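Positions are given from 1 along the sequence. Please read all numbers here as calculations on a predicted model, not as lab measurements.
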Amino acid sequence: MTTVSTPCINVCQIDRRSGLCIGCLRSLDEIGAWGRLGEPERRAIMARLPDRRTSTDGATV
């Protein structure tokens, strides 16, 4: 059995200003599509998440 990569940390709240989950920093579209994405697509999204953390610091839910 293979493990699916995910940035989810079970803190699931969408920030109203950015539209991103405050836990994993994915958009609702990315979260919704996650199960259908292949591993390369998941890793590409995950590679962009650190930049999102910088741009959303101080955001309010």
Side-chain angles (χ1 to χ4, degrees):
M1 181 158 67
T2 56
T3 302
V4 175
S5 297
T6 180
C8 183
I9 59 168
N10 295 318
V11 177
C12 304
Q13 288 185 292
I14 301 300
D15 175 72
R16 286 178 244 164
R17 186 175 62 181
S18 69
L20 301 174
C21 175
I22 65 168
C24 68
L25 299 174
R26 291 178 293 170
S27 69
L28 286 174
D29 288 340
E30 290 167 340
I31 293 167
W34 202 255
R36 296 184 305 273
L37 297 175
E39 191 64 18
E41 292 88 358
R42 291 183 189 126
R43 289 189 183 277
I45 292 169
M46 290 173 60
R48 294 189 296 266
L49 299 180
D51 290 336
R52 292 180 186 179
R53 171 81 54 212
T54 302
S55 66
T56 59
D57 280 345
T60 57
V61 175

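Closest approach of C24 and P7 over heavy atoms only: CB-O, 3.6 Å. In terms of heavy-atom proximity, R43 sits nearest to S5 at NH2-OG, 3.6 Å. A pairwise comparison of heavy atoms in C12 and C8 identifies SG-SG, 4.5 Å as the closest pair.
The side-chain contact (heavy atoms from CB on, under 4.5 Å) with R26 is formed by just one residue from the set T6, L20, I14; it is T6.
Every residue meeting the side chain to side chain donor-acceptor pair (under 3.5 Å) condition with R42, not counting sequence neighbours, appears here in chain and number order: E39.
With values rounded to the nearest 0.5 angstrom, L25 atom CG is found 12.5 Å from I45 atom CD1. Going from atom SG of C21 over to atom CG of L49 covers 10.0 Å, rounded to the nearest 0.5 Å.
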